[in-house]
Amino acid sequence: MARKKKAVIDKLNLKNIKTTAKVDAQSLGYLGKVTVKLQKDGYTVKTISTHNSATLRLLSGMAQLLVGAFSQGDSSKNKDITQYIPQYLGLGYEPSPTATNPATDTCLHKEYSMNRVKLNVGNPVPDSTGRKIIIPYSAVINYAMVNSKKINELGLYSSESSADKTLLARVLVTDDANGPSGGAIQLAVGMNLLVEWNITLQNT
């Protein structure tokens, strides 16, 4: 009888262990936040904040990095990680703005045929919760680069030439409160456009 009682107790203890050892499952997610600041004489006269969409190219690059697909000095692996790293900012204007299709978009919908703007990259920063890593990118566009061209779409690219279809993320921007169908950004003489593009990797 004592043996049976012990077996029942052991079974109950095992059940308790399974219950208390439950794992809080979390998935890794991408979040891109873009802040655009129109500046004149060193002052910010308008700030626009929005979120962007990563393309399949960027997500594919992250996945290949995690499985060790890139060379890093290993000649048996011929994939180059630089083609998946944001290094340049592309500018465009689409008269009737359309949403990003992450699965198929490889370039901005109406990109200007000019060399893309080199990005400044900051060090990755963990937030105070320990759940996010923020990678800050930025670029400055001055009036001389674009003159009076309208801008309502921006994109992160791994290559400089506007002919290269290496889009990693895209965002629609507008200078009014009417959403993507509203007015485009247009610089006046003496104005700059500061683009701050933060990529966040987080547990969702």
Side-chain angles (χ1 to χ4, degrees), residues 30-55 57-58 61-62 81-95 97 100 105-127 132-201:
Y30 165 96
L31 174 66
K33 181 180 178 183
V34 179
T35 303
V36 177
K37 297 178 180 178
L38 284 85
Q39 300 180 325
K40 186 168 185 178
D41 300 327
Y43 294 95
T44 298
V45 296
K46 183 175 285 189
T47 300
I48 304 162
S49 296
T50 185
H51 292 88
N52 69 92
S53 299
T55 66
R57 181 184 187 86
L58 179 59
M62 292 167 60
I81 193 172
T82 59
Q83 63 183 310
Y84 300 97
I85 296 176
Q87 299 183 74
Y88 296 93
L89 182 73
L91 315 173
Y93 172 67
E94 190 178 21
T100 304
D105 282 355
T106 58
C107 55
L108 292 180
H109 296 183
K110 296 288 182 182
E111 185 176 2
Y112 288 120
S113 57
M114 53 184 279
N115 282 345
R116 293 163 184 155
V117 182
K118 182 68 176 174
L119 290 168
N120 298 308
V121 186
N123 292 321
V125 180
D127 81 335
K132 302 177 183 178
I133 297 287
I134 300 168
I135 310 167
Y137 297 87
S138 64
V140 176
I141 299 128
N142 59 46
Y143 176 82
M145 292 178 179
V146 293
N147 295 316
S148 298
K149 288 185 175 73
K150 294 180 179 180
I151 301 167
N152 66 359
E153 58 171 346
L154 303 169
L156 296 185
Y157 285 89
S158 61
S159 53
E160 184 178 11
S161 171
S162 60
D164 294 341
K165 297 183 177 182
T166 60
L167 183 67
L168 299 167
R170 176 178 179 262
V171 67
L172 291 170
V173 294
T174 176
D175 70 350
D176 60 20
N178 297 322
S181 62
I185 291 171
Q186 198 167 13
L187 296 181
V189 176
M191 293 190 74
N192 292 332
L193 189 66
L194 171 62
V195 179
E196 297 173 333
W197 196 312
N198 290 343
I199 288 179
T200 301
L201 302 180

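Because the structure is predicted, anything quoted here is derived from the model rather than measured. Every heavy atom of this structure was used, including side-chain atoms; hydrogens, water molecules and symmetry mates were not.
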(message) Once rounded to the nearest 0.5 Å, what's the spacing between atom CG of L156 and atom CG of N52?
(response) 6.5 Å
(message) Please check: side-chain N/O of E153 versus main-chain N/O of L91, any donor-acceptor pairing under 3.5 Å?
(response) no
(message) Can you tell me how far apart CZ (R57) and CE (M62) are? Round to the nearest 0.5 Å.
(response) 14.5 Å
(message) Tell me whether K149 forms a cation-pi arrangement with Y93, defined as NZ or CZ under 6.0 Å from the six-membered ring centre and within 45 degrees of its axis.
(response) no
(message) When you compare the side chain of I135 with that of Y137, does any pair of heavy atoms fall below 4.5 Å?
(response) yes
(message) Within the 4.5 Å heavy-atom criterion, are H51 and L31 side-chain neighbours or not?
(response) yes
(request) Compare every heavy atom of N152 with every heavy atom of A184, then report the nearest pair and how far apart it is. (result) CB-CB, 3.9 Å
(request) Report yes or no: do E111 and Y157 form a side-chain donor-acceptor pair below 3.5 Å? (result) yes
(request) Check step by step if side chain to side chain contact (heavy atoms under 4.5 Å, CB included) holds for L193 and V36. (result) CA-CA 7 Å; L193 189 66; V36 177; 3.1 Å; yes
(request) Taking the side chain as every heavy atom from C-beta outward, state whether V146 and K150 have any pair of such atoms under 4.5 Å apart. (result) no
(message) Any non-hydrogen side-chain atom of T50 less than 4.5 Å from a side-chain atom of L172?
(response) no
(message) Please tell me whether R170 and T100 have a donor and an acceptor in their side chains that are separated by less than 3.5 angstrom.
(response) yes
(message) Looking only at side-chain N and O atoms, does Q39 offer a donor or acceptor that is under 3.5 Å from a partner on T44?
(response) yes
(message) I need the single residue from V140, I48, V171, L154 that forms a side-chain contact (heavy atoms from CB on, under 4.5 Å) with V195. Which is it?
(response) L154
(request) Output yes when a side-chain donor or acceptor of S138 lies under 3.5 Å from a complementary backbone atom of E196, and no otherwise. (result) no
(request) Please examine the side chains of T82 and S158, heavy atoms only from C-beta on, and report whether any two atoms are closer than 4.5 Å. (result) no
(request) Report yes or no: do S113 and S162 form a side-chain donor-acceptor pair below 3.5 Å? (result) no
(message) With a 3.5 Å distance limit and no angle check, can you tell me whether T55 reaches the backbone of L167 through a side-chain donor-acceptor pair?
(response) yes
(request) State the OG-CG distance between S159 and N115, to the nearest 0.5 angstrom. (result) 10.5 Å
(request) Side-chain contact test, heavy atoms from C-beta onward, threshold under 4.5 Å: evaluate it for L38 versus I185 and give yes or no. (result) yes
(message) Surrounding CG of N147 (heavy atoms of other residues, nucleotides or ligands, distance under 6.0 Å), is the total greater than 12?
(response) yes
(message) Check this for me: K118, atom NZ, are more than 12 non-hydrogen atoms of other residues, nucleotides or ligands nearer than 6.0 Å?
(response) yes
(request) Specify the closest pair of heavy atoms between G190 and Y143, including all atoms of both residues, with the distance to one decimal. (result) N-CB, 4.2 Å
(message) Show the nearest heavy-atom pair for residues A169 and W197, with the distance to one decimal.
(response) CB-CZ2, 3.7 Å
(request) Over all heavy atoms of both residues, which pair between L168 and Q83 is shortest? Give the atoms and the distance, please. (result) CD2-O, 4.4 Å
(message) Just verifying a value: how many Å separate N192 CG and Y43 OH, rounded to the nearest 0.5 Å?
(response) 14.5 Å
(message) If you apply the rule side chain to side chain contact (heavy atoms under 4.5 Å, CB included), what do you find for K37 with T35, and how did you get there?
(response) CA-CA 7 Å; K37 297 178 180 178; T35 303; 4.0 Å; yes
(message) side chain to side chain contact (heavy atoms under 4.5 Å, CB included), that's the test. Do I133 and I199 meet it? Break it down for me.
(response) CA-CA 8 Å; I133 297 287; I199 288 179; over 6 Å; no
(request) Indicate whether any N or O donor in one side chain lies under 3.5 Å from an N or O acceptor in the other, for Y88 and D164. (result) no
(request) Give the intermediate values and the outcome of side chain to side chain contact (heavy atoms under 4.5 Å, CB included) for residues R116 and T166. (result) CA-CA 12 Å; R116 293 163 184 155; T166 60; 3.9 Å; yes
